[in-house]
Number of protein chains: 2
Amino acid sequence: MNLRVVLSQLGLLAVLLSMIMIATATLFLGTESVMHSRIDGHAVTALFFAGSIGSLIGGSMWFFNRSGRRYIGRKEALLLVALSWIVGAALAALPYRLWAALDHTQTAHAFSSFVNCYFEAMSGLTTTGATVLSEIESLPRSLLLWRALTHWLGGLGIIVLFVAVLPGLGVGGKRLFQVEAPGPAPEGLQPHIRETARWLWYIYLGLTVTQALALWGVARMDFFDALCHTFATLATGGFSTRNASVGAYYNTPAADVIIIFFMFLAGANFGLFYQACRGQWKAILRDTEFRFYCCLLLGGAALVCTAIAISGNPIALTDGTQLPSTVGESIRQGVFTTVAVQTTTGFCTSDFNLWPFLAQAVLVTLMFVGGCSGSTGGGIKVIRIWIAIKVLIAEIEHVFRPQVIRPVRLGRTTMDPDLKLGTVAYVLGSLLLVALGGVTVMLLEQTNPNSTCDFTSAATASVATLFTIGPGLARVGAVENYGWFSDASKMVLCVLMTLGRLEVFAIVVLFSPSFWRRY
Amino acid sequence: MNLRVVLSQLGLLAVLLSMIMIATATLFLGTESVMHSRIDGHAVTALFFAGSIGSLIGGSMWFFNRSGRRYIGRKEALLLVALSWIVGAALAALPYRLWAALDHTQTAHAFSSFVNCYFEAMSGLTTTGATVLSEIESLPRSLLLWRALTHWLGGLGIIVLFVAVLPGLGVGGKRLFQVEAPGPAPEGLQPHIRETARWLWYIYLGLTVTQALALWGVARMDFFDALCHTFATLATGGFSTRNASVGAYYNTPAADVIIIFFMFLAGANFGLFYQACRGQWKAILRDTEFRFYCCLLLGGAALVCTAIAISGNPIALTDGTQLPSTVGESIRQGVFTTVAVQTTTGFCTSDFNLWPFLAQAVLVTLMFVGGCSGSTGGGIKVIRIWIAIKVLIAEIEHVFRPQVIRPVRLGRTTMDPDLKLGTVAYVLGSLLLVALGGVTVMLLEQTNPNSTCDFTSAATASVATLFTIGPGLARVGAVENYGWFSDASKMVLCVLMTLGRLEVFAIVVLFSPSFWRRY
């Protein structure tokens with residue numbers, strides 16, 4: 001294990017994050033007079049402070065380890081990826097905590113506890129979007145922007161950015177990318193890792209600019225809000241600047257439509273956009289995963305909309321307004337929520353905790369599925385679900401026709417037996433982790449005799465964090481937050497977020513003794 | 001597809017079941033005067049009637065198809081196994097329904113509905129032990145014996161008995177046995193199928209006699225009750241003759257001990273008893289599955305007992321008595337319930353629905369595990385859980401050391417890749433079926449606006465029937481019953497029981513169009 005290269009790269013990452021913090025603070029230095037909401041000078045100070053501390057520590061980590069061997073092996077790559085999120089979240093949490101410490105009127109604020117700040121930062125960097133805050137709009141704008149930025153930075157993966165921006169990883173760069181790009185390797189991407197990472201970065205940036213302009217120009221959203229919501233959309237994060245999430249823009253349906261469209265894009269394989277840029281449109285339509293992704297979204301939305309419409313119960317928006325469940329309203333709320341949930345964004349416009357059982361069952365099922373491989377979405381990933389279904393069907397056929405070996409195909413290629421076993425094991429492992437997470441949270445909550453945590457809340461909190469969605473059901477529903485959990489439960493949920501974002505095994509291996517053994 | 005041989009063998013099975021019904025009725029013909037409980041002549045008539053109808057139909061099925069080819073292929077074997085349970089349950093339900101029809105004082109009885117009777121019969125033959133009856137003790141003794149007999153007959157598998165008793169299956173016999181004997185083929189058994197089946201039958205009979213004598217002689221149980229409980233224990237069924245299940249014998253702790261011991265044996269691989277009979281004791285102690293089975297039982301019981309003891313809540317016996325949770329009482333109730341649940345017997349002595357969350361979580365987890373392969377227990381089976389764990393560990397190691405191919409071992413043999421994939425797929429498929437079953441039941445219950453079915457009840461009913469346990473949590477808990485479900489839900493649960501008993505895939509293939517295609 002070459003720890004020095006890990007520490008030096010981690011140091012560079014910390015410096016990068018710190019620079020962005022300082023840049024955020026700078027933006028709000030001279031513009032206080034044109035701001036609409038409450039300006040908090042303490043927040044700008046906190047961002048500067050945190051940025052300085054981060055630069056100092058990160059810089060020294062890099063400086064004292066810069067002379068080590070440059071070679072980064074698989075183990076180093078895994079460790080670096082895991083530490084990037086774990087340490088990155090601690091750094092990203094610093095401005096929240098410092099702000100609460102500097103402002104003495106904020107003693108009872110959620111950010112007075114470092115665990116809460118860490119949860120919020122981890123939720124941001126893993127693009128989960130679960131919040132500990134019940135009151136978001138009173139947060140200073142600089143912190144709101146930093147909060148949205150954690151999503152955006154986490155979004156395509158700090159690491160892809162890291163590979164594209166920072167030099168000096170050599171052959172290790174490819175390994176990093178393999179770990180980071182979620183799911184089986186996206187087909188359309190070339191192995192020239194630096195080149196690819198730069199392409200992904202351009203695509204991501206292009207989408208960001210397009211969506212922000214659309215929200216600002218077409219949906220007439222405030223530019224600041226448009227930018228923050230764009231960051232949260234493309235990262236499939238879910239942090240909003242409004243207490244009612246996207247439900248606050250009920251009167252501008254164009255905002256819903258634009259956000260639905262970009263959530264849909266963010267949940268698709270970014271390799272496809274690369275192909276689209278090169279004019280290979282047919283490849284997109286032929287892509288098995290993309291087609292299955294569209295089918296799931298359409299089928300899921302159809303079921304959810306029908307369930308709401310026929311239930312006849314009024315629809316409660318996230319701001320508390322009650323609306324009759326007309327066909328049009330059912331479609332609008334059903335489609336938005338289905339897309340928000342499956343892409344693992346977790347924006348809310350209405351309180352689906354009050355919806356009929358069928359709609360909730362479909363939504364929870366789609367939470368498990370998640371986005372496509374190579375997207376910013378979480379979940380088990382569409383392609384793995386597709387492979388698992390194919391394998392299950394093949395196994396059933398095997399029972400009555402054991403002599404026939406029918407290869408399981410994916411597009412035009414035959415699936416490797418190792419890939420089949422790995423995929424099915426991954427799906428099974430994820431389900432077990434959800435159960436384990438839910439039970440652990442439930443047990444931790446029960447140590448407090450006053451806790452009113454029910455199993456639905458604990459279990460859906462586990463699902464919603466492991467699969468980086470954000471809201472769940474019951475007490476972690478669309479209009480609720482995670483602030484009421486005990487510190488121990490919050491740390492467990494942070495672990496689940498990391499596990500989910502880094503595709504489980506990359507983190508689990510760190511706890512394997514043989515990982516640390518030399519040979 | 002050679003349907004004639006399937007029909008003729010099915011006819012013979014029906015005749016066999018009918019003969020046992022008539023024999024049961026005969027036992028109660030002249031002995032009415034020595035009975036302690038209420039004697040119901042109608043029940044004896046119903047058994048005779050049902051037996052006659054069954055013999056007639058079964059006999060004709062055999063007679064008109066006896067001249068077909070004797071060859072029984074894999075498809076025929078699968079179809080015969082599935083139909084044996086589906087048709088067998090219909091026949092076994094007949095006495096219940098006829099009894100309710102003949103006795104005009106019973107109009108409001110649960111058995112006035114054929115769906116209820118079918119549920120009870122299927123629950124018996126699949127050794128599930130879920131009942132629709134809230135009042136069991138008022139049932140005529142002849143019907144109680146028949147009810148216990150359905151367990152016993154289903155227990156080791158009607159089909160193993162069928163193979164041992166009935167001639168004329170030729171090479172197909174081996175196929176039947178492969179489908180029937182649950183789990184990967186038991187190691188100690190020889191391929192001489194008739195010989196093996198006969199051995200299993202002797203072992204089963206021997207255990208039955210031993211347990212019945214122990215319950216009668218040592219625990220001083222009424223001989224009739226001893227016999228019925230023995231049938232339910234060795235089949236890992238769970239039907240009791242008492243409303244309070246085994247909780248009715250609280251004052252004779254010996255009954256608990258004897259039942260725990262025989263439940264433990266019934267959940268173990270019967271191939272091991274065959275080896276024990278041949279003096280190969282070491283093989284038993286070396287058996288991976290048996291060792292893991294013991295570890296799970298010990299570990300599970302330790303957790304459950306601790307959870308009850310430290311909770312300090314009083315323990316409620318199934319007859320309603322409240323007891324303080326002393327250490328001794330916690331151990332007694334905890335061990336009994338853990339063994340009853342993991343072996344999928346489902347006998348109850350106390351209402352574990354009131355136990356702390358940890359105890360319930362452990363019990364539900366053990367429900368998924370179930371008994372050993374080649375036992376009468378249900379569940380996913382201990383060996384499959386063991387293999388799945390091994391595969392998951394190997395997959396995690398694969399992430400950071402992809403070049404190392406470490407073979408997954410089972411005892412001394414290296415596991416075949418097909419077996420690994422098949423096992424993990426089986427575990428995953430079972431979990432999906434539980435979820436699907438729970439959601440389906442919940443949706444069916446919701447079509448009735450007055451239904452008060454909660455998701456815990458629906459989900460644990462799905463677990464408890466698919467894995468042939470019997471009681472679940474909430475409204476299907478230890479002191480509840482399944483009578484309140486709608487007919488549609490009961491039929492879904494019947495399907496789950498069949499799927500679980502026949503190891504899922506054997507039934508699912510029947511719905512595959514290519515199964516029915518010729519080639």
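No hydrogens, no waters, no symmetry mates; every other heavy atom, side chains included, goes into these values.
L431(B) touches chain A through its side chain: at least one heavy atom from C-beta onward sits under 4.5 Å away, while N, CA, C and O do not. For L358(A), the parts lying near chain B are the backbone and the side chain together; criterion is any non-hydrogen pair under 4.5 Å. Within the 4.5 angstrom heavy-atom criterion, no atom of I393(B) approaches chain A. Only the side chain of A388(A) has a heavy atom closer than 4.5 Å to any heavy atom of chain B. Heavy atoms closer than 4.5 Å to chain A are found in the side chain of V391(B), but not in its backbone.
No hydrogens or angles considered: nothing links the side chains of R475(A) and T456(A) as a donor-acceptor pair under 3.5 Å. For Q446(B) and S451(B), the side-chain atoms include no donor-acceptor pair closer than 3.5 Å.
Counting only distance, with no hydrogens or angles, the side chain of S462(B) and the backbone of A458(B) share no donor-acceptor pair below 3.5 Å. Checked by atom type and distance alone, the side chain of Q360(B) pairs as donor or acceptor with a backbone atom of N353(B) at under 3.5 Å.
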Requested in this report: Determine, step by step, whether S430(A) and I380(A) satisfy the side-chain contact (heavy atoms from CB on, under 4.5 Å) criterion, reporting the C-alpha distance in whole Å, the side-chain angles of both residues, the deciding distance to 0.1 Å, and the verdict.
Outcome: CA-CA 7 Å; S430(A) 304; I380(A) 290 173; 3.9 Å; yes
